[in-house]
Amino acid sequence: MIEYVNSLKNRTDKDFDGFFEGWPNPPSVQKHIKLLENSSYIWLAVDNATGKVIGFINAISDRTLCAYIPLLEVLSEYRGQGVGSKLVQLMLDTLKDYYMIDLICDEKLSDFYSRFNMFESKGMILRNFKMQCGK
Ligand SMILES: CC(C)(COP(=O)(O)OP(=O)(O)OC[C@H]1O[C@@H](n2cnc3c(N)ncnc32)[C@H](O)[C@@H]1OP(=O)(O)O)[C@@H](O)C(=O)NCCC(=O)NCCS
């Protein structure tokens, strides 16, 4: 069974494995945990049978008006079962009192996010690829 939790309590390095699929220079597990610790809000999907984290979403916020969702990922073997949708819904519920909730995604994920009443907008981004593994 998949459990959804909004803290890192009882989680260890060993519970995080296999994320940042396809990233050429991914953050280490320690950096992954650090970015979750430093996030304003997180939700984790945990497989109760193994205790492993199999999906996560995070948000950073000014705690007044705006929130940004930088990362969402479900381990490939757990995709297509509604885990990603559940994580998005939990995070949007958590952020329901903010005016501005933004994220950046590939074109192919527009339909996925549209299901949550999100709509396309134009954005500008900057990527410092040599820092992809985190600082
Ligand atoms: C995007 C992601 C989190 C979805 O997780 P998931 O657990 O498979 O999501 P769900 O099972 O709730 O899928 C919901 C729907 O989105 C669709 N979908 C998921 N990933 C998709 C993708 N990469 N391209 C197009 N559609 C996608 C699924 O087909 C599914 O449609 P269905 O309900 O009609 O079958 C997962 O594919 C993932 O981790 N991808 C790699 C990281 C990533 O792209 N993150 C998003 C960053 S913005």
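Just follow the structure's listing: the first ligand is 1, and inside any ligand the first atom is 1. Just so we're clear, the structure is a prediction, and the values are computed from it rather than from any experiment.
- Heavy-atom neighbours of Glu77 CD from other residues, nucleotides or ligands within 6.0 Å: above the threshold of 12.
- Judged by distance alone, the side chain of Glu3 and the main-chain N or O of Asn48 form no donor-acceptor pair under 3.5 Å.
- Ring orientation note: the planes of Phe20 and Phe56 are tilted relative to one another, at an angle of 30° to 60°.
- Residue Leu126 qualifies as open at atom CG: its count of foreign heavy atoms under 6.0 Å is 12 or below.
- A side chain to side chain contact (heavy atoms under 4.5 Å, CB included) with Ile54 is found for exactly one of Asp17, Ile2, Asp15, namely Ile2.
- The contact shell of ligand 1, taken as protein residues with any non-hydrogen atom closer than 4.0 angstrom, comprises Leu72, Glu73, Val74, Arg79, Gly80, Gln81, Gly82, Val83, Gly84, Ser85, Ile104, Cys105, Lys108, Leu109, Phe112, Tyr113, Arg115.
- Aromatic ring orientation, Phe112 versus Phe116: perpendicular (interplanar angle above 60°, classes split at 30° and 60°).
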